Protein chains: 2
Amino acid sequence: MDSNGGGAAQARETGTLGKLMVLLDLVTHADAPLRFTDILALAGQPRGTLHRQLSHLVEEGLLELDGDGRYAPGLRLLDFAARSWARNEFRLIAEPHLADLQRATGETVHLGVLRGQSIIYLDKVEGRQPVRMYSQIGNASPCYCTGVGKAALSLLPAESLVDLVASLSFTSFTASTHISAETLLAEIREIADQGYAFDREEHEAGICCVAAPVWSEDRTFMGGISITGPAYRLSMELLHQWAVPVQLAAGRIMEGMRVRLGPRR
Amino acid sequence: MDSNGGGAAQARETGTLGKLMVLLDLVTHADAPLRFTDILALAGQPRGTLHRQLSHLVEEGLLELDGDGRYAPGLRLLDFAARSWARNEFRLIAEPHLADLQRATGETVHLGVLRGQSIIYLDKVEGRQPVRMYSQIGNASPCYCTGVGKAALSLLPAESLVDLVASLSFTSFTASTHISAETLLAEIREIADQGYAFDREEHEAGICCVAAPVWSEDRTFMGGISITGPAYRLSMELLHQWAVPVQLAAGRIMEGMRVRLGPRR
DNA sequence: ATCATTGTTCCATTATTTGGAACTTAATTT
DNA sequence: AAATTAAGTTCCAAATAATGGAACAATGAT
């Protein structure tokens, strides 16, 4: 029988947990705290059932219920995340190289990893300004319109890439955002050849970047690093120049991981 | 079977979710990624059961399984936390006041909230240095040996305070850490009178702080803000002077919350 | 005061989880 | 290299927890 080698679509049958995570997603993705009835409408479940599920989530600290009966994400999530982040080896190894790159260019440097269809940002090194702390770290962004995302996609074997791209639903964030699988796939192939990727204001108007892919040997991490900044300051010419240092930094990070993790495998 | 009729102590009966959260705690609190067998020993459950539970957590992205069969916290937790943090109203309202306090004193300023027996740090504003981003934010620290923690405890009604303190297990982090309920309770009473609290190197040697309590009217948030720094620079005399600005900032934060949230309740 | 809406509890039915054992795979020893 | 041990995975009847409809309580509007 098939172990997960084949990589077909997961049936996502995680029973009770799966149902609760859908709720947690619902509440954390909302723009504002939701009342019971709001969630009832969104979740489409019987009232009794929903009530118990929410109660369990609250009891575990994953959600919080304020005095007005509105549900908001729980602070226990912060504790989990802080631990997840603090011990992340990929990030620990990458950090000094990100700082180097930041100093060399003066612009903001990101580290991100592909998870499903999203890039999750693991680190961000900025210039002098008082940092907006979680501003980017932890955020999940689409893979098809970010430099790190496209760099990460260029690491996928042809088949997985086609499957993943086929499952995307494109949102046109700016005039340059890819909105078709064909043009995206064409660019990914180009990126795979070149070894670096650009974001030409595809996610946010006025913001562009150069990115290079980074991966761990066991393919647990497939992501990238990028130099990001305002388009008026970062011409395409400059971004092309920076492709080299970004790739070098990516190489040093992977070397660091081989030294740290390699011996055992 | 018994429903929890009396209702004093929480029976923590969240069924399936509760069991899975125990596992998640186990893995996120470990110092390094754990192998299946390690978790088996720690969790004390049948192998079949544990295997399925871990599989579900992995499928949902709450845990990750690397190429060596080691379980680590999942990156989906970061996404949840980023959302939880970004929309937190208490933090949003407090932020400008924390920045003011930082500028006025030149030292690091924290915002924390009481959750169970822990203080969870919601924000941190530092001086010039390139910020170590999650360094403190999201971290859960004991309430009995931090300035913010003791300030928060001073807000509890007498009965809840006694219950909470009775349930603490004290760890002696430094020579000044409280290790008995009696001395702690005595100090909390003093803090309740004064309206501010000190940390005299009780959690970390060489680090001290002044803190003032902050709370929301519905008591959803009971926490505090603090000015923290190295003991060689922050004399007790200086900390006493800063008690006033910390209390003023705390007052302004609460005023901000009344304006923002008050009208409705 | 009355009606409508929102939120909570109850319990027989249904679905999921449990845990022991059998099985497969990887690592270690002889 | 074969045998042995340990590590990880799958299976299924029994135990447990989740479900959802309906009754009940609390809140808010007319």
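Proteins get letters first, then strands, A, B, ... in listed order; numbering begins at 1 in each. These numbers come from the heavy atoms of this one structure, side chains and all, not from hydrogens, waters or symmetry mates. All values reported here derive from a predicted model rather than from experimental measurement.
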Protein-to-nucleotide contact annotation, 5' to 3' order, nucleotides 18-30 of chain D [B base; S sugar-phosphate only; - none; under 4.0 Å, heavy atom]: SBBB---------
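No side-chain donor-acceptor contact under 3.5 Å links B:Arg115 to the backbone of A:Leu75. Remark: the backbone N or O of B:Val148 is not paired with any side-chain donor or acceptor of B:Ser226 at under 3.5 angstrom.
Under the 3.5 Å distance criterion, with hydrogens and angles disregarded, no donor-acceptor pair is assigned to the side chains of B:Glu64 and A:Thr220.
B:Leu57 has its CG atom 11 Å from the P atom of C:dT17, to the nearest Å. Atom CZ in A:Arg35 sits about 12 Å away from atom P in C:dT8, given to the nearest Å. In this entry the distance linking CG of B:Asp38 with C1' of D:dA6 reads 14 Å, nearest Å. Counting to the nearest Å, the P atom of D:dA7 and the CG atom of B:Leu54 are 16 Å from each other. Rounded to an integer number of Å, the gap from CD1 of A:Ile39 to C1' of C:dT6 is 13 Å. Spacing between atom CG of B:Leu50 and atom P of C:dT17 amounts to 14 Å, rounded to whole angstrom units. Taking atom CG on B:Leu20 and atom C1' on C:dT16, their separation rounds to 12 Å, with Å as the unit. Nucleotide C:dT8 holds its P atom 12 Å from the CG atom of A:Leu40, rounded to whole Å.
For D:dG8, neither phosphate oxygen OP1 nor OP2 lies less than 4.0 angstrom from any side-chain nitrogen or oxygen of B:His51.
Under the 4.0 Å criterion applied to side-chain N and carboxylate O atoms, B:Arg189 and B:Asp193 are not assigned as salt-bridge partners.
For the pair B:Arg70 and B:Leu34, the minimum side-chain heavy-atom distance is 4.5 Å or more.
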Verdict with supporting geometry, A:Glu255 and A:Arg258, salt bridge (charged side-chain N to carboxylate O under 4.0 Å, His left out): CA-CA 5 Å; A:Glu255 179 58 25; A:Arg258 258 186 300 273; 3.3 Å; yes
